[in-house]
Amino acid sequence: MKPFSNFAKIAIQIALLLLLVAGAAGTRRHVLNAQRQLTADRSIPFSLESALAFRRIQMVYRDGDLPRIDRGIQYPAGVVMREVDTLGAERAYAHAAKLWPGTLNLAEKVRWLHLAWFCLAIPAMFFWVKWMGGGIAGGFWAAAFYAVAISAVARSTGQELSHENNALPFLLWHLAAGAWVRNRAGTFRARLIGGWVSAALAGLALCAWDMVQFY
């Protein structure tokens, strides 16, 4: 029996990743909709940290920017927003929501965007394990567990917004790039470029979530 060609291997990997992403998205939307059924008006309000995050997205969506001092919090003095929280993702969510076609409300758009962004970490997990030596099979099972494990699902349905979900795709792609540099890059130039890409992704992960400093 002839081994798979390179084209067939690439096609199989793409198909597996699309299947995992679809499964991850479907699982999370199912959980979110199940939570909606428990409320009288079939809506789920953001709470605590997520409510503050959504409020900032609303402000950028409406006004185009965030104020230096948010006087709606700790009234009447307000707080200097950049000193008390991690900012940056608000612009991306607000701009993407404006480009979103249709009549979905902002909260629902943000929930979908939060979920879609998390799903970008699934192929990163696949390539990280694959390039670390786990092969296609190892990468698939690692990514599959990450896609549907209850601990990951519970934190990324879009019911709540979190800094960690903004950072995890950056962090996992950083790890994947680092694995590629160590085990796959053939030339010095490739290792140099891959190393800088890996470092930049680690920096973006830290900007998105200050807890990345412990990593």
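Index from 1, following the sequence.
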Can you check whether [Y]'s main-chain N or O pairs, donor with acceptor, with [X]'s side chain at less than 3.5 Å?
X      : Y      : value
Glu90  : Gly88  : yes
Thr157 : Ala154 : no
Arg71  : Ala77  : yes
Lys130 : Gly138 : no
Asp63  : Asp65  : no
Trp173 : Leu120 : yes

Grouping I, L, V, M, F, W and Y whenever their side-chain heavy atoms are under 4.5 Å apart, do [X] and [Y] come out in a common cluster?
X      : Y      : value
Leu87  : Val79  : no
Ile136 : Ile10  : no
Met59  : Ile73  : no
Trp180 : Leu171 : yes
Leu66  : Phe54  : no

Next item on the list: State, without any angle test, whether Ser198 and His174 hold a side-chain donor-acceptor pair at a distance under 3.5 Å.
Entry: yes

Check: Are His114 and Tyr93 linked by a side-chain donor-acceptor pair shorter than 3.5 Å?
Finding: yes

Can you tell me how far the [atom1] atom of [X] sits from the [atom2] atom of [Y], to the nearest 0.5 Å?
X      : Y      : atom1 : atom2 : value
Phe126 : Phe140 : CZ    : CZ    : 9.0 Å
Ile122 : Leu168 : CD1   : CG    : 11.5 Å
Ile57  : Leu113 : CD1   : CG    : 8.5 Å
Glu160 : Leu32  : CD    : CG    : 10.0 Å
Leu161 : Glu49  : CG    : CD    : 8.5 Å
Ile69  : Gln74  : CD1   : CD    : 11.5 Å

Margin query: Assess the residue pair Arg155 and Glu164 against the criterion (side-chain contact (heavy atoms from CB on, under 4.5 Å)); give the C-alpha distance rounded to whole Å, side-chain angles, the decisive distance to 0.1 Å, and a yes or no.
Written below: CA-CA 9 Å; Arg155 295 288 292 171; Glu164 69 184 72; 2.6 Å; yes

Next item on the list: In plain terms, say whether Arg56 and Asp85 are close enough for a salt bridge, that is, a side-chain N and a carboxylate O under 4.0 Å apart.
Entry: yes

Would you say [X] and [Y] make side-chain contact, with heavy atoms under 4.5 Å?
X      : Y      : answer
His163 : Asp210 : no
Arg68  : Met81  : no
Ser43  : Arg36  : no

Where do [X] and [Y] come nearest, in terms of heavy atoms and distance?
X      : Y      : answer
Ala167 : Ala205 : CB-O, 3.5 Å
Arg28  : Ser156 : NE-OG, 2.7 Å
Trp131 : Asn183 : O-ND2, 2.8 Å
Val60  : Ala94  : CG1-CB, 3.6 Å
Ala25  : Cys119 : N-SG, 4.3 Å
Leu106 : Ala97  : CD1-CB, 3.6 Å

List for me each residue that meets side chain to side chain donor-acceptor pair (under 3.5 Å) alongside [X], sequence neighbours excluded, and say none if there are none.
X      : result
Gln213 : none
Ser162 : Asn165
Asn105 : none

Next item on the list: Kindly indicate, with the supporting measurements, whether the criterion side-chain contact (heavy atoms from CB on, under 4.5 Å) is fulfilled by Arg184 and Phe127.
Entry: CA-CA 11 Å; Arg184 293 298 182 95; Phe127 287 113; over 6 Å; no

Take atom [atom1] in [X]; do more than 12 heavy atoms of anything else shown fall under 6.0 Å from it?
X      : atom1 : answer
Leu48  : CG    : no
Arg191 : CZ    : yes
Trp128 : CH2   : no

Item checked: Intermediate values then yes/no, side-chain contact (heavy atoms from CB on, under 4.5 Å), Trp196 and Val181 -> CA-CA 10 Å; Trp196 278 109; Val181 168; over 6 Å; no

Next item on the list: Compute the ring centroids of Phe118 and Tyr146, then answer whether they are less than 6.0 Å apart.
Entry: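 Yes, ring centres under 6.0 Å apart.
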
Item checked: Sub-6.0 Å ring centroid separation between Tyr215 and Trp209 -> no

Margin query: Could you check whether Arg111 makes a cation-pi contact with Phe46, meaning its NZ or CZ is under 6.0 Å from the centre of the six-membered ring and within 45° of the ring axis?
Written below: yes

Notebook entry, point to check: Cation-pi between Arg29 and Trp112: NZ/CZ under 6.0 Å from ring centre and within 45° of the ring axis?
Noted result: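 Yes, a cation-pi geometry.
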
